[in-house]
Amino acid sequence: MKESTAPSNFIRDIIEKDIKNNKNDGRVHTRFPPEPNGYLHIGHAKSICLNFGFAAEHGGLCNLRFDDTNPSKEEAEYVESIMEDVGWLGFDWDDRLYYASDYYEQLYDYAVQLIEAGNAYVCSLSPDEIRQYRGTLTRPGKDSPYRTRPIEENLDMFMRMKAGEFKDGSHVLRAKIDMASPNLNMRDPVIYRILRATHHRTGDRWCIYPMYDFAHCLSDSIEGITHSICTLEFEDHRPLYDWFLDKLGVFHPQQIEFARLNLTYSVISKRKLLELVKLGYVTGWDDPRMPTLAGMRRRGYMPGAIRDFCERIGVAKRESYVDIALLEHCLREELNKRAPRVMAVLRPLRVVIDNYPEDKVEELDAENNPEDPGMGTRKIPFSRALYIEKDDFREDPPKKFFRLSPGREIRLKHAYYIKCTGVVKDEKSGEVVELHCTYDPETRGGWSKDGRMVKGTSHWVSAAHSLEAEVRLYNYLFTKEKPEEEGNGGDFKTWLNPDSLETLTSCRVEPSLAGAKPGSFYQFLRKGYFCVDSVNSSNKALVFNRTVTLRDTWAKIEKAQKNRGSR
RNA sequence: UGGGGUGUAGCCAAGCGGUAAGGCAGCGGCCUUUGGAGCCGCCAUUCGGAGGUUCGAAUCCUCCCGCCCCAGCCA
């Protein structure tokens, strides 16, 4: 029996039942069939994990197949990015890289067979007329006058369509099914159209292209796919999927539909993501705020976290909006285990340790990851002038604020206890610009021999030894939990978050970060997880992206205090 | 007034006639040289609603209600 701890779901049930009944000789063969008309996003990740996952679970195979039947929208750039993203996510299609366009010749032959059997005809109605003849949701359609065109004539016309004798849109090949079907997809759907566009792979070799419904089921059949997993909106297309396969008498895969992923505070639709890119609301498909795999990778997401997420959300047929907090949880869990700890001060406040010798510099030991002692330790320089986080000092500390304030003592992580003895303010603005402190030499390393306790521990950096860096703080791209919901005229862009990116340019990071490699990731102690930007960072100018913050209990307390105060 | 789906906690989601798994979020507490992490505890007398069948119903039946998808020569 199954030893896997994977949770039960309806697709796995179907697959396991099929194996038990020895359907398809017990084979499991799936496919991930993206259209190369945009970059992959987190919703695709769910599909990829499902398809490759089910195959792997049952000793089967999963193909990567580009569904490239509409040259007017598809580009080679997209196929490149898709292959990179699927590989990055951790899946391998071996030598099974296919394109629907590989099958154009065979698909054409199948269409001819359909015509010969009287199951398809060339229709010369205009697009507008076809729409009118189709009827409505509640009213049946009516037969096209070309529906009775003789087989020989259909064959001739279709051949001439292929030969380029007709203008775009002047004729189409249609399946002859039932214009009165309550399922509109069965009202003599178009299966080939004339379209003069250069295809990214076949160039100008063809001027007729098959439609999705025709190409997809047959591509699945040709590849011997056993379980063709797709999203819910194709449920109505299943009768058509089955119809083509039955009429042609070829191998018959089973289509199974599941609910697509929706994520709060995000928009997941290639069309809408393209819009954000085209209109310049983001810097590109790989903008770290985008839910694209390229964007998430640049943001610092790890493939394992995304896979874990996809497993945890499950798969079902009901529409759902997954809380983005779950994605972040999966991310933090992985990062917590693997990210080296490092100190970085995002909004520096200068601190002078008055009783520390002017020229002295000490090298203190710091663990790289308390979760994993195997990651070792490193040295960090300590000196008289330091920077701490502005947020870590309050002249007038509120209740439960454990950090530094006048007269109060805290610990500097891995270093010493310090006590605040003076505050220097800008004369004009009144802003605190520098702190004077004393340190206790007896607390080296952060321990007090006399058992004296401090409630707060701050991270810090030596002023003279630290490096300057730019840090990009990302927030949700949208301010509304469900940006695609109606309201504000129904335009999701209304909910774009004006503060989705905050750039900090005078951050100070510890010297061990010199030469940090693009893509490398760290936990900035007490602040969050950050990675070196793979596009804009260099040895001369370090740029970090905030991947995700740490959970912030103090922020929660403070927010609660404010809410209480305002009531 | 057509057809196809789908309703279990704030958000996901198991459950398949034997008395509501799990995760996230939230809330308490412990612990802590990260207000991080970790640990412990709490969080659905009830499954969209109403009837019915049954010793027993989230599971079976009937009716009702809500939500999603379909009228591209897109996928």
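In what follows, every chain begins at residue 1, and chains take the letters A, B, ... in the order their sequences are listed.
Heavy-atom contacts from other residues, nucleotides or ligands closer than 6.0 Å to NZ of A:K272 number more than 12.
We find that CZ of A:R260 is positioned 15 Å from C1' of B:G5, with the value rounded to whole Å. A:F258 has its CZ atom 16 Å from the C1' atom of B:A13, to the nearest Å. Taking atom CD1 on A:I82 and atom C1' on B:A75, their separation rounds to 12 Å, with Å as the unit. For the pair A:H237 NE2 and B:G72 P, the interatomic distance rounds to 11 Å; values are reported in whole Å. Between the P atom of B:A13 and the CD atom of A:E311 lies a distance of 15 Å, rounded to the nearest Å. The distance between atom CD1 of A:I194 and atom P of B:C73, rounded to the nearest whole Å, is 14 Å. What separates CD of A:E35 from P of B:G72 is a distance of 18 Å, to the nearest Å.
Side-chain contact of A:R31 with A:H216: a donor-acceptor pair under 3.5 Å is present, judged by distance alone. Between the side chains of A:Y522 and A:E510, no donor-acceptor pair of N or O atoms lies under 3.5 Å. A:Y476 and A:E481 are not linked by any side-chain donor-acceptor pair at a separation below 3.5 angstrom, with hydrogens and angles left out of the test. A donor and an acceptor atom, one from each side chain of A:T457 and A:R411, are located under 3.5 Å apart. Checking A:T377 against A:D365 by side-chain atom types alone, no donor-acceptor pair falls below 3.5 Å.
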Atom pairs, protein N/O to nucleotides 19-24 of chain B N/O, distance under 3.5 Å:
residue : atom : partner : partner atom : Å
B:G23   : O2'  : A:R312  : NH1          : 2.9
B:C24   : OP1  : A:H329  : NE2          : 3.3

Protein-nucleotides 29-32 of chain B N/O pairs under 3.5 Å:
none

Distances for protein N/O vs nucleotides 66-69 of chain B N/O pairs under 3.5 angstrom?
residue : atom : partner : partner atom : Å
B:C68   : O2'  : A:E319  : OE2          : 2.9

Could you list all N or O pairs between the protein and nucleotides 40-44 of chain B that sit under 3.5 Å apart?
none

Using nucleotides 35-37 of chain B, report all nitrogen or oxygen pairs with the protein that are shorter than 3.5 Å.
residue : atom : partner : partner atom : Å
B:G35   : OP1  : A:R526  : NH1          : 2.6
B:G35   : O3'  : A:T553  : OG1          : 3.4
B:G35   : O2'  : A:T553  : N            : 3.3
B:G35   : N7   : A:R403  : NH1          : 2.7
B:G35   : O6   : A:F402  : N            : 2.8
B:G35   : N1   : A:K400  : O            : 2.6
B:G35   : N2   : A:K400  : O            : 3.2
B:G36   : OP1  : A:T553  : OG1          : 2.5
B:G36   : N2   : A:R341  : NH2          : 3.3
B:G36   : N2   : A:E371  : OE2          : 2.9
B:A37   : OP2  : A:R551  : NH1          : 3.4
B:A37   : O2'  : A:N336  : ND2          : 3.0
B:A37   : O2'  : A:E371  : OE1          : 3.2
B:A37   : O2'  : A:E371  : OE2          : 3.0

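Checked against a 6.0 Å centroid threshold, the rings of A:F234 and A:Y241 do not count as neighbours.
On a pure distance criterion of 3.5 Å, no polar donor-acceptor pair joins the side chain of A:R139 and the base of B:U1.
With contacts defined as side-chain heavy-atom distances shorter than 4.5 Å, the pair A:I191/A:D213 does not qualify. Counting heavy atoms from C-beta outward, A:P34 and A:L64 have side chains that approach closer than 4.5 Å. In this structure, A:D220 and A:R65 have side chains that are in contact, with non-hydrogen atoms separated by less than 4.5 Å.
Looking only at distances, no side-chain donor or acceptor of A:D323 sits under 3.5 Å from a matching main-chain atom of A:L326. Within the 3.5 Å criterion, the main-chain N or O of A:Y416 finds no donor-acceptor partner in the side chain of A:R444. Under the 3.5 Å distance criterion, the side-chain polar atoms of A:D372 are left unmatched by any main-chain donor or acceptor of A:R338.
Using Watson-Crick or G-U wobble geometry with both donor-acceptor distances under 3.5 Å, B:C43 finds no partner in any strand shown. The pairing partner recorded for B:A37 is none, the criterion being a Watson-Crick or G-U wobble arrangement whose two distances lie under 3.5 angstrom. The pairing partner recorded for B:U32 is none, the criterion being a Watson-Crick or G-U wobble arrangement whose two distances lie under 3.5 angstrom. With both pairing distances under 3.5 Å, B:C73 is matched to nothing as a Watson-Crick or G-U wobble pair. B:C63 is paired with B:G49 under the criterion used here, namely a Watson-Crick or G-U wobble arrangement in which both key atom distances are under 3.5 Å. Of all nucleotides present, none satisfies the Watson-Crick or G-U wobble test against B:A21 with each distance under 3.5 Å.
Taking atom P in both B:G51 and B:C68, the straight-line distance is 28 Å, to the nearest Å. Taking the P atom of each, B:G26 and B:C61 are spaced 40 Å apart, rounded to whole Å. Between the P atoms of B:G22 and B:A9, the separation comes to 15 Å (whole Å). Nucleotides B:U62 and B:G4 place their P atoms 15 Å apart, quoted to the nearest Å. Between B:A57 and B:A20, the distance separating the two C1' atoms is 12 Å to the nearest Å. B:G29 and B:G7 have their P atoms separated by 39 Å, given to the nearest Å. Between the C1' atoms of B:A75 and B:A13, the separation comes to 29 Å (whole Å). A distance of about 31 Å separates the P atoms of B:G72 and B:C64, rounded to the whole Å.
Contact between A:R260 and A:T231 at its shortest, heavy atoms only, is CB-CG2, 3.8 Å.
Base orientation of B:G72: syn, the glycosidic angle falling within 90° of 0.
Residues satisfying the side-chain hydrogen bond (donor to acceptor under 3.5 Å, both in side chains) criterion with A:D308, sequence neighbours excluded, are A:R312.
Across all strands, A:L525 comes closer than 4.0 Å to base atoms (heavy-atom distances).
Residue order along RNA chain B, read from the 5' end via each residue's closest nucleotide, puts A:A259 first among A:A259 and A:G446. Taking the nucleotide of RNA chain B with the nearest heavy atom to each of A:D13 and A:R411, the more 5' of the two is matched to A:D13.
Between A:Y104 and A:Y209, the ring planes are perpendicular. Angles over 60° get that label, and only those under 30° would be called parallel. Using the six-membered ring where Trp is involved, A:F530 and A:F524 have ring planes that are parallel, under 30° apart on the 30 and 60° scheme. Note on ring orientation: taking the six-membered ring where Trp is involved, the planes of A:Y98 and A:Y103 are tilted (angle from 30° to 60°).
For the pair A:T69 and B:A75, the criterion of a side-chain N or O lying under 4.0 Å from OP1 or OP2 is met. Residue A:R318 has no polar side-chain atom (N or O) positioned under 4.0 Å from OP1 or OP2 of B:C12. When the side-chain nitrogen and oxygen atoms of A:T264 are compared with OP1 and OP2 of B:C11, none of them lie within a distance under 4.0 Å.
A cation-pi arrangement is present between A:R201 and A:Y99 under the rule of less than 6.0 angstrom and at most 45 degrees off the ring axis.
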